[in-house]
2 protein chains.
Amino acid sequence: MSKSNNVHEMLNIMSKNGWRITDQRKSLAQIFSDHPGYLSPKDVYDHMSEKYPSVSFDTVYRNLRMMNDMGVLEQFYFMDGGLKFRANCLDHHHHHLICINCEKTLTFDYCPMDNGVELPGNYKIVNHRFEIYGLCEDCQQ
Amino acid sequence: MSKSNNVHEMLNIMSKNGWRITDQRKSLAQIFSDHPGYLSPKDVYDHMSEKYPSVSFDTVYRNLRMMNDMGVLEQFYFMDGGLKFRANCLDHHHHHLICINCEKTLTFDYCPMDNGVELPGNYKIVNHRFEIYGLCEDCQQ
DNA sequence: TTCCCTGCAAAGGGTTTGCAGACTG
DNA sequence: CAGTCTGCAAACCCTTTGCAGGGAA
């Protein structure tokens, strides 16, 4: 459960899927391991720039998309439509409690689908989305 | 509860907020009254074009934003980040059941926030989002 | 060495803004 | 008639794509 373990796990998954482990990809894994909350492509680019001043946006985008496709990251459109990514929790279903100021997130296990939602119509349920937005303790001051 | 009533109501709100009632705005109200589901700006533009072949995208966007700001419409970013609008239900809190194929929506009154969610941390809850995606009866075939 | 990956550049889609003329109230 | 609204055009932001050189396996 240590941070370096997370990085290692992410790289492992990439490697097992046939992707090459480049320095940039190591850095990406490190960034998401260091920042447990959601990051926008711009955030990621900024962090990457510290180590690789000449990194390009397209590389960031390409890798983010790839990491999302293989399940290393979890992508997410916020209420304002902005795209963000975070390290994916691989082992269980959960939802998010998100600070609208600093965007720090907590996960929680309660799922409304398990608790007696009654739905109109004869829809075949495929997916659902449940997020709670608020101010974290630090941001309430 | 008739359709023309809805149009009238929407125009009324706009008028009371000091906005002028132009032909294009009448058409917009009519379009949303005729289409109870979610419409993208492009959808709206296409419908507008039928009556006003020279309508421009910026007029559509400006009015959609304005109608959203004053509560006539309800705006919404879908799971894929796409922006959509629909006529706002002004009288009660509800959530949506959305067909992932035709995007027809049903509303339902169950709200997870009323049903014993237990949250970690000391967040001050501001907002929440709960949507269920599925296939409607027509689209299951 | 092979093929993937990167960075550059440019294109693309969706949305917003500045402006002059047209229309509402 | 005054002030807003529209349409045009261009700008803007975010994201994707094509390509040639550089790096991983």
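This one's a predicted model, so the numbers in the text were calculated from it and none came from an experiment. Below, chains carry the letters A, B, ... as their sequence lines are ordered, and counting in each starts from 1.
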OP1 or OP2 of dC23(C) under 4.0 Å from side-chain N/O of Q24(B):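 No, Q24(B) has no side-chain N/O under 4.0 Å of OP1/OP2 on dC23(C).
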Phosphate OP1/OP2 of dT6(D): any T22(B) side-chain N/O under 4.0 Å: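 It does, given that an N or O in the side chain of T22(B) lies less than 4.0 Å from OP1 or OP2 of dT6(D).
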DNA chain C: 5'-proximal contact among P41(B) and I21(B) (nearest heavy atom):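 Nearer the 5' end of the strand: P41(B).
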First of D58(B) and R62(A) reached from the 5' end of DNA chain C, by closest nucleotide: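 Looking at DNA chain C, the more 5' nearest nucleotide goes with R62(A).
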Once you round it to whole Å, what is the distance between [atom2] of [N] and [atom1] of [X]?
| X | N | atom1 | atom2 | answer |
| --- | --- | --- | --- | --- |
| K16(B) | dG25(C) | NZ | C1' | 17 Å |
| M66(A) | dC5(C) | CE | P | 7 Å |
| F57(A) | dT6(C) | CZ | P | 16 Å |
| R25(B) | dC23(C) | CZ | P | 15 Å |
| W19(B) | dT4(D) | CH2 | P | 9 Å |
| D80(A) | dC13(D) | CG | P | 16 Å |
| Y45(A) | dC8(C) | OH | P | 9 Å |
| L83(B) | dG13(C) | CG | P | 18 Å |

Per the atom types in the model, does the base of [N] pair as donor or acceptor with the side chain of [X] at under 3.5 Å?
| X | N | result |
| --- | --- | --- |
| N63(A) | dC5(C) | no |
| R20(A) | dC3(C) | yes |
| D23(A) | dA24(D) | no |

Side-chain donor-acceptor contact under 3.5 Å, H95(A) with H128(B):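 No, H128(B) and H95(A) have no side-chain donor paired with an acceptor closer than 3.5 Å.
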Polar side chain donor-acceptor pair, S49(B) to D46(B), under 3.5 angstrom: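 Not at all, the side chains of S49(B) and D46(B) share no donor-acceptor pair under 3.5 Å.
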Of K42(A) and R65(A), the one whose closest DNA chain D nucleotide lies more 5':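 Nearer the 5' end of the strand: K42(A).
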Aromatic ring proximity, centroids under 6.0 angstrom, Y38(A) and F76(A):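 Between Y38(A) and F76(A), which both carry aromatic rings, the centre distance is below 6.0 Å.
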Smallest separation among heavy atoms of G37(B) and T105(B), with atom names: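 Heavy atoms only, the tightest pair is CA-OG1, 4.2 Å.
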Pair D138(B) + K104(B): basic N to acidic O under 4.0 Å: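 A salt bridge links D138(B) with K104(B).
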